[in-house]
Number of protein chains: 2
Amino acid sequence: MQSAHEAFVDYLRHKGLKVTQQRLRILNTILQTSRAHFNAEDLMEMVNASGQARVSRSSVYRTLELLNDCGLLRKELLRDQVSHYEKTSAEEHHDHMICNLCGRIIEFSSGELEALQDKLCREQGFTPESHVLHIRGICRACAAKQGKSRA
Amino acid sequence: MQSAHEAFVDYLRHKGLKVTQQRLRILNTILQTSRAHFNAEDLMEMVNASGQARVSRSSVYRTLELLNDCGLLRKELLRDQVSHYEKTSAEEHHDHMICNLCGRIIEFSSGELEALQDKLCREQGFTPESHVLHIRGICRACAAKQGKSRA
DNA sequence: CTGACTGCAAAATGTTTGCAGATTC
DNA sequence: GAATCTGCAAACATTTTGCAGTCAG
């Protein structure tokens, strides 16, 4: 199992692309952050927060695409009009519950769910490569709040 | 069980909103089309294809939001940056498999899947209101084509 | 050295909004 | 008649692109 860093460099070499300072800075920022989800703007801030030379918005967008292509990030469409990215380098795949009131994202994963999905795909002759499951609703905290403040 | 038309009119009245010609034209266009998915631009074209007075882009967007709010449509994020809408007036909820090669959308539904999701939500104290499951991969037809043309 | 990359600013895309006049209730 | 709508054009937010200069291999 190679490190994310090695994987990225390999990917770039394979495609005849260059290993630049900006690309490495972006990758390192992503590897170092504890955040599981972020969008392009968030990443811009994180990259440029750590002092050093700026990385431009264009480079951030272009690098996000590379990282998505090589599988180190997964592009998700959590909210309207803004692409979010999720680190895949971490553990296994997980899905999301998104609170319609506070926006909180609860991650969960279930082998049972994966297995069922595989079964459904087989029934359709479909070869799954990835999936996104977003359940929207009300989280525990908001439900409690709502119960209290009900007029 | 009231018709979609009645449901929409009721919804508007309840909210103190007006039943305008444009809103009805948009609803009728959606009810008449055989398409299950479309985006705002598609809808613009469909509405204005049938001759008659034009309906503006703003009205289409504003009405899409109303139809989503009252549950006659469901907003989905199938592709980057473009909101898609799906008729819910039809039968029950269903999910999607999306082919990464030809873009084909296969609809499916599974009671087993819904039940499992409910169980997972209960475990998190989460009250589900809606969900979106997109499985991406290769459809049967493309898999067959790939097998043949493999170099 | 050459081709790929960066940063910038400009363009493109999809959606929202302010406003004046029209329409519904 | 009052409040809500419409259509327009302008504003917006996010992402993409063309280009001139820079850098990696």
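Chain A is the first sequence line, chain B the second, and so forth, proteins listed ahead of strands; every chain is numbered from 1.
- As a whole-Å value, the separation of A/R23 CZ from C/dG7 P is 11 Å.
- As judged by a 4.0 angstrom heavy-atom cut-off over every strand, A/R57 is placed among the base-contacting residues.
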Given protein heavy atoms under 4.0 Å, the one-letter contact record of nucleotides 18-25 of chain D, with B base, S sugar-phosphate only and - none, is simply B-----BS
Evaluation steps, side-chain contact (heavy atoms from CB on, under 4.5 Å), between A/V60 and A/Q22 = CA-CA 8 Å; A/V60 168; A/Q22 287 86 340; over 6 Å; no
Taking N or O atoms only and anything under 3.5 Å, show me the protein contacts with nucleotides 10-13 of chain C, one pair per line.
none

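- Residues B/M46 and B/M44 are members of one and the same hydrophobic cluster, defined by side-chain heavy-atom contacts under 4.5 angstrom among Ile, Leu, Val, Met, Phe, Trp and Tyr.
- One interatomic measurement links the two molecules: CG of B/N68 to C1' of C/dT15, which rounds to 15 Å at whole-angstrom precision.
- B/K18 is linked by a side chain to side chain contact (heavy atoms under 4.5 Å, CB included) to B/T20, counting only residues two or more places apart in sequence or in another chain.
- When ring centroids are compared, A/H134 and B/H134 stay outside the 6.0 Å threshold.
- Among pairs with a residue in residues 111-131 of chain A, those fulfilling ring pair (Phe, Tyr, Trp, His ring centres under 6.0 Å) read A/H93-A/H131, at least two apart in sequence or across chains.
- Take B/R35 and apply the side-chain hydrogen bond (donor to acceptor under 3.5 Å, both in side chains) test, not counting sequence neighbours, and it matches B/D42.
- Distance CD (A/E65) to P (C/dC5): 12 Å, rounded to an integer number of Å.
- Rounded to whole Å, the distance from CD1 on A/I26 to C1' on C/dG7 is 12 Å.
- Among pairs with a residue in residues 57-71 of chain A, those fulfilling side chain to side chain donor-acceptor pair (under 3.5 Å) read A/E41-A/R57, A/S56-A/S59, at least two apart in sequence or across chains.
- Contact detail for B/K75 and B/S83: the closest heavy-atom pair is CE-OG, 3.4 Å.
- In this structure, B/K87 contributes its side chain and B/L72 its backbone to no donor-acceptor pair below 3.5 Å.
- Screening residues 111-130 of chain B for salt bridge (charged side-chain N to carboxylate O under 4.0 Å, His left out), with sequence neighbours left out, gives A/E112-B/K119, A/K119-B/E112.
- Judged as a salt bridge (Lys or Arg N to Asp or Glu O under 4.0 Å), and not counting sequence neighbours, A/R13 has no contacts.
- Nucleotide C/dG14 holds its C1' atom 13 Å from the CG atom of B/D42, rounded to whole Å.
- For A/Y61, the side-chain atoms get nearest to D/dT14 when compared with the rest of D/dT14, C/dG14, C/dC5.
- Following rounding to the nearest Å, A/F8 (CZ) and C/dC5 (C1') show an atom-to-atom distance of 12 Å.
- Residue order along DNA chain C, read from the 5' end via each residue's closest nucleotide, puts A/Q22 first among B/A40 and A/Q22.
- Between the axis at the start and the axis at the end of the helix from C/dC1-D/dG25 to C/dC25-D/dG1 there is an angle of 40°, using five pairs per end and rounding to 10 degrees.
- Whole-Å rounding puts the B/K75 NZ to C/dG14 P distance at 14 Å.
- Rounding to whole angstrom units, CG of residue B/L12 and P of D/dA3 are separated by 19 Å.
- B/S83 has no side-chain polar atom (N or O) that falls below the 4.0 Å cut-off from OP1 or OP2 of C/dG14.
- Shown here are the salt bridge (Lys or Arg N to Asp or Glu O under 4.0 Å) partners of B/D10, two or more places apart in sequence or in another chain: there are none.
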